[in-house]
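Inspection log for the structure reproduced underneath, given as structure tokens.
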There are 2 protein chains.
Amino acid sequence: MGVDREEIRLRMSRFEEVLRRAGVKRTHQRMEIFREVARTGEHPDAQTVFRRVARRIPSISLDTVYRTLRLFQDLGLITALGTNHERIRFDANMNDHHHFVCTRCGKTLDFHSREFDELSVPEEVRDFGRVERNHVELRGVCAKCLIKEAKE
Amino acid sequence: MGVDREEIRLRMSRFEEVLRRAGVKRTHQRMEIFREVARTGEHPDAQTVFRRVARRIPSISLDTVYRTLRLFQDLGLITALGTNHERIRFDANMNDHHHFVCTRCGKTLDFHSREFDELSVPEEVRDFGRVERNHVELRGVCAKCLIKEAKE
DNA sequence: GTTTATGCAAAACCTTTGCATTTTG
DNA sequence: CAAAATGCAAAGGTTTTGCATAAAC
């Protein structure tokens with residue numbers, strides 16, 4: 001679950017570089033919050049990051065963690081798992097299928113692909129547990145948003 | 001976006017069958033809520049389902065919609081998009097990678113696969129818009145949960 | 001007639017925001 | 001020192017829960 005030392009070092013230096021380039025201040029809180037996310041492969045939630053960082057900076061507040069994680073996303077330093085900042089959405093299509101997701105507007109379209117249904121499980125993953133199904137998410141910009149984009 | 005007539009019919013009959021087998025009551029609200037999700041490919045959220053069903057059953061309440069959608073998930077009649085009922089979680093791994101997700105405990109593990117990175121985009125999807133990246137989610141039961149499962 | 005589901009209202013929860021104070025460059 | 005970030009407290013929004021009433025089997 002831990003990330004290897006060299007990779008952490010890499011992430012930290014990229015982090016400092018990105019902050020500098022963005023002209024964003026390099027605060028104690030930001031350092032610790034990033035380090036906390038960078039050094040784990042656990043994909044922690046905001047509460048967990050808060051709890052862990054609070055051991056080093058007891059005065060930190062939860063909203064700073066939220067604001068900071070959001071900032072890091074905007075700077076392309078981290079990503080959020082799951083469909084980001086959206087409500088839960090429901091699907092009655094219980095056949096195997098995959099999704100195309102528009103990163104601009106969030107629209108999600110179903111498609112079918114025998115090839116995708118039948119992907120073979122990588123060796124490495126067999127050790128993780130039992131794989132029961134797979135789902136491919138293709139991300140991009142939908143036709144409607146491409147038009148809007150062209151007009152700008 | 002609409003689902004074809006025959007497919008809707010199929011979903012409705014499966015729905016009735018599942019309710020019967022589960023010994024769960026076939027109420028007016030449940031019928032309309034399921035029909036609403038079954039007949040669209042839009043992946044509506046709870047609010048949207050509520051708004052649409054309310055046109056047919058003005059007295060319906062939002063919490064019934066939530067409770068009912070949750071019930072349908074438990075019965076395997078619908079699925080929720082994104083990481084279901086969880087908080088937003090963060091990842092500092094910005095290299096191309098994919099996820100193994102445990103459907104029991106929600107644990108998410110990263111893995112790398114050149115083969116998955118390079119999947120070709122199906123013909124059908126080209127019309128949806130511009131695909132920029134892809135992400136494969138392998139779902140199953142992690143090693144730890146497999147052990148728990150064996151003990152039960 | 002019992003059992004189960006609904007509607008209402010209120011709570012719980014996660015996340016965001018306004019503002020005075022503190023910190024950074 | 002000016003500009004930006006933090007902490008606090010409060011608000012916003014979604015989702016869940018307890019309980020009396022109503023509906024299904």
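Predicted model, so just to flag it, every value in this text is computed and none were measured. The chains referred to below are lettered A, B, ... by the order of the sequence lines, with proteins before strands, and numbering in each begins at 1.
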Among [options], which nucleotide has an atom closest to any side-chain atom of [X]?
X: Y66(A); options: dT16(C), dA5(D), dT15(D); value: dT16(C)
X: V24(B); options: dC14(C), dA5(C), dC8(D); value: dA5(C)
X: L62(B); options: dC8(C), dT17(C), dT15(D); value: dT15(D)
X: R30(A); options: dT6(D), dT16(D), dT14(D); value: dT6(D)

Output yes when [X] and [Y] qualify as a salt bridge under the 4.0 Å nitrogen-oxygen rule, no when they do not.
X: R9(B); Y: E7(B); answer: no
X: R30(A); Y: E16(A); answer: no
X: R139(B); Y: E137(B); answer: yes
X: D63(B); Y: R67(B); answer: yes
X: R56(B); Y: E32(B); answer: yes

Quick check on [N]: is either OP1 or OP2 less than 4.0 Å from any side-chain nitrogen or oxygen of [X]?
X: R67(A); N: dT17(C); value: no
X: S61(B); N: dT6(C); value: no
X: T27(B); N: dT4(C); value: no
X: T68(A); N: dA5(D); value: no
X: T64(A); N: dG7(D); value: yes

Polar side-chain contact [X]-[N] base: donor and acceptor under 3.5 Å:
X: D45(A); N: dC14(C); value: no
X: R20(A); N: dG25(C); value: no
X: K25(B); N: dA23(D); value: no

State whether a side-chain donor-acceptor pair under 3.5 Å links H135(A) with H99(A).
-> yes

So, D117(B) versus H112(B): side-chain donor-acceptor pair below 3.5 Å or not?
-> no

At how many degrees, to 10°, do the end axes of the helix from dG1(C)-dC25(D) to dG25(C)-dC1(D) meet when each uses five pairs?
-> 40°

Kindly indicate whether the side chain of L138(B), heavy atoms from C-beta on, has any atom under 4.5 Å from the side chain of V125(A).
-> yes

Starting from [atom2] on [N], measure out to [atom1] on [X] and report it in whole angstrom.
X: D63(A); N: dT22(C); atom1: CG; atom2: P; result: 16 Å
X: R89(B); N: dT15(C); atom1: CZ; atom2: P; result: 12 Å
X: D74(B); N: dT16(D); atom1: CG; atom2: C1'; result: 14 Å
X: E16(A); N: dG25(C); atom1: CD; atom2: C1'; result: 14 Å
X: F34(B); N: dA5(C); atom1: CZ; atom2: C1'; result: 19 Å
X: Q73(B); N: dT15(D); atom1: CD; atom2: C1'; result: 12 Å
X: L71(A); N: dT16(C); atom1: CG; atom2: C1'; result: 15 Å
X: M31(A); N: dT23(C); atom1: CE; atom2: P; result: 18 Å

Have a look at R26(B) and say if it touches a base, only the backbone sugar-phosphate, or nothing, with a 4.0 Å heavy-atom cut-off.
-> sugar-phosphate

Determine yes or no for a side-chain-to-main-chain donor-acceptor pair under 3.5 angstrom, with T103(B) supplying the side chain and G140(B) the backbone.
-> yes

side-chain contact (heavy atoms from CB on, under 4.5 Å) with E118(B): which residues, sequence neighbours excluded?
-> R114(B)

Candidate pair F72(A) and F90(B), rule ring-ring contact (aromatic ring centres under 6.0 Å, His included), full reasoning = CA-CA 10 Å; F72(A) 292 170; F90(B) 302 92; 9.5 Å; no

Positions of residues 46-60 of chain A (non-hydrogen atom under 4.0 Å from DNA chain D), listed by number = S59(A), I60(A)

